[in-house]
Structures are given as structure tokens and as C-alpha cells.
Amino acid sequence: KVDGAATLGTGAVTVQTNGSAITADITFTSTIDGAQALTLNAGTLGDITFGGAVGSSTKLNSITIDNAKDVNFDSTVDITGALTQTAGVGTTTTSTSSTINTGGDISITTGAIILNGSLNTTAGAVALTADAGNISLARAVSNIGGSGDITYTADEMSLGGSTDSETGNTILNPHDAATILNIGGS
């Protein structure tokens, strides 16, 4: 747990817990700033929480989440590069006060995805994959100025928010090819 503001120094920063105990959580209670890459791994049992703004004074280069149970973005995130979550077993959630802005790709792969806040990229694609649950979209997902597609992959989707891909396509895929894709709005 990091209490108070955190500033990333020189070079890429990696935080990894063993993921085998409840104490495997990675929690930032305040702001994170610094023009560096941040990589986090809480294992399959640990949660990752961004409690404060990320990149509000100095944008991070990128954020990579290698593994986590639940991931929570509770405030604004501003990064110059990509936001990537390569694995997860729980739910990745953005709060209603959260807006994630990137200058690169946004790629989230986890159990389920609940977007109460907005996702925006200016130079990349958006790929959201729910391996075991659904994707629930309450706010906008946009690719403004980027050339990539916005791709949703899940067996159930609730797309109550808008999807705007200025030059790319919006693609809806079932997670299991044998499943009929159920799509509903709010």
C-alpha cells in the first residue's frame, strides 16, 4: 500500500506481490506522477486500486497490469502511451468520476469489465476482453484521432454508453465462438 502521493523516478518501475495472500493487494491511495512506465502484478488473488489521479502533474509513459483479481480506477488517468491489462480473474472497474486518457492502445483482458467512467485514446486501438463475465459500458469509449478499431469480446454486453471510433470500426465478438452474443442497452 502506498499512502500519499507517489512520483516515479528514473527508469521503468515494477511492483509485484506474491499474489497468494489477501495482503497481495497493490493500493495507491493518492496521486501517481512521473514520465516512466509502471508495471503491476498482484497475482490471481490480489487487487489493484488507483485511489487518486494518475498522471495529473506529469503523465506516465504507460501502465501494464500483468495480473490481478480486481482492478479499480477511482480517478482520472492520463498517460502518453498504452494502458494494458494482460490477465485477470476478477472485474476491472472505472468509477463514475474516472476518465482514462491515453496516447496509445487500451487493451484490457480480465474476467469482467464495468466501465462507469470514460476511456479515450488519441493514437491507438481499444480492445476490451471479458474472459468469464460481461462487459458493461455506462460511459463513452472513444478513439479520436487514432486509427485503430474498438473491439469488445465477451459473451454478454451491455453497451449503455457511446462508442466512437473516428477512423476505425467497432467490432463485437463473442468470447466463445459457439455462444450466441447477447447485446443489451440501458
Side-chain angles (χ1 to χ4, degrees), residues 26 28 31-33 37-40 47-56 58-88 90-173 175 181 183-186:
I26 299 171
F28 296 94
T31 59
I32 307 170
D33 287 297
L38 176 62
T39 300
L40 304 171
D47 298 337
I48 297 174
T49 301
F50 296 92
V54 177
S56 62
T58 304
K59 292 181 182 181
L60 275 62
N61 287 352
S62 63
I63 297 174
T64 301
I65 299 169
D66 286 332
N67 206 349
K69 182 179 173 211
D70 295 327
V71 177
N72 299 295
F73 294 95
D74 295 334
S75 189
T76 300
V77 175
D78 287 299
I79 53 180
T80 59
L83 169 64
T84 306
Q85 181 177 352
T86 59
T91 303
T92 295
T93 305
T94 61
S95 72
T96 56
S97 60
S98 170
T99 299
I100 296 176
N101 301 302
T102 72
D105 293 342
I106 298 172
S107 177
I108 298 173
T109 299
T110 189
I113 301 169
I114 300 172
L115 300 177
N116 296 311
S118 300
L119 295 180
N120 307 301
T121 181
T122 57
V126 177
L128 304 177
T129 302
D131 287 334
N134 67 340
I135 294 175
S136 176
L137 173 63
R139 298 272 302 273
V141 173
S142 62
N143 179 355
I144 305 301
S147 59
D149 296 332
I150 297 175
T151 304
Y152 301 99
T153 303
D155 286 336
E156 189 171 330
M157 300 177 200
S158 176
L159 304 178
S162 64
T163 295
D164 184 7
S165 182
E166 195 169 78
T167 59
N169 298 307
T170 298
I171 301 166
L172 308 175
N173 294 317
H175 184 266
L181 186 59
I183 302 171
S186 57

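Only heavy atoms go into these numbers, but all of them, side chains included; no hydrogens, no water, no symmetry mates.
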Atom pair [atom1]/[atom2] of [X] and [Y] - distance to nearest 0.5 Å:
X: Ser158; Y: Ile135; atom1: OG; atom2: CD1; answer: 10.5 Å
X: Met157; Y: His175; atom1: CE; atom2: NE2; answer: 10.5 Å
X: Asn72; Y: Ile114; atom1: CG; atom2: CD1; answer: 9.5 Å

Taking the side chain from [X] and the backbone from [Y], do they hold a donor-acceptor pair closer than 3.5 Å?
X: Asn173; Y: Ala154; answer: no
X: Asp164; Y: Ser142; answer: no
X: Asp47; Y: Asp70; answer: yes

Open item on the list: Which residues pass the side chain to side chain donor-acceptor pair (under 3.5 Å) test with Thr92, not counting sequence neighbours?
Closed with: Gln85
Closest approach of [X] and [Y], non-hydrogen atoms and distance?
X: Asn116; Y: Arg139; answer: O-CG, 2.7 Å
X: Thr58; Y: Asp33; answer: N-OD1, 3.1 Å
X: Ala130; Y: Asn134; answer: CB-O, 3.8 Å

Using distance only, find each side-chain donor-acceptor pair of residues 96-108 under 3.5 Å and give its atom names and separation, not counting sequence neighbours.
| from | atom 1 | to | atom 2 | distance (Å) |
| --- | --- | --- | --- | --- |
| Ser97 | OG | Asp74 | O | 3.2 |
| Ser97 | OG | Ser95 | OG | 3.2 |
| Ser98 | OG | Ser75 | O | 3.1 |
| Asn101 | OD1 | Asn120 | ND2 | 3.0 |
| Asn101 | ND2 | Asp78 | OD1 | 2.9 |
| Thr102 | OG1 | Gly104 | O | 2.7 |
| Thr102 | OG1 | Thr121 | OG1 | 3.2 |
| Asp105 | OD1 | Ala125 | N | 2.7 |

Task: Side-chain H-bond candidate by donor/acceptor type, Tyr152 with Thr129, under 3.5 Å - done: no
Task: The single option from Thr110, Thr153, Leu119 passing side-chain contact (heavy atoms from CB on, under 4.5 Å) against Leu128 - done: Leu119
Task: Pair Leu115-Val141, side chain to side chain contact (heavy atoms under 4.5 Å, CB included): steps then yes or no - done: CA-CA 9 Å; Leu115 300 177; Val141 173; 4.0 Å; yes
Let me check something: any side-chain donor-acceptor pairs from residues 59-66 under 3.5 Å, sequence neighbours excluded? List them with distances.
| from | atom 1 | to | atom 2 | distance (Å) |
| --- | --- | --- | --- | --- |
| Asn61 | ND2 | Ala35 | O | 3.1 |

TODO: Side-chain contact test, heavy atoms from C-beta onward, threshold under 4.5 Å: evaluate it for Leu83 versus Phe73 and give yes or no.
DONE: yes
Open item on the list: Any heavy-atom pair between the side chains of Phe50 and Ile26 that's under 4.5 Å?
Closed with: no
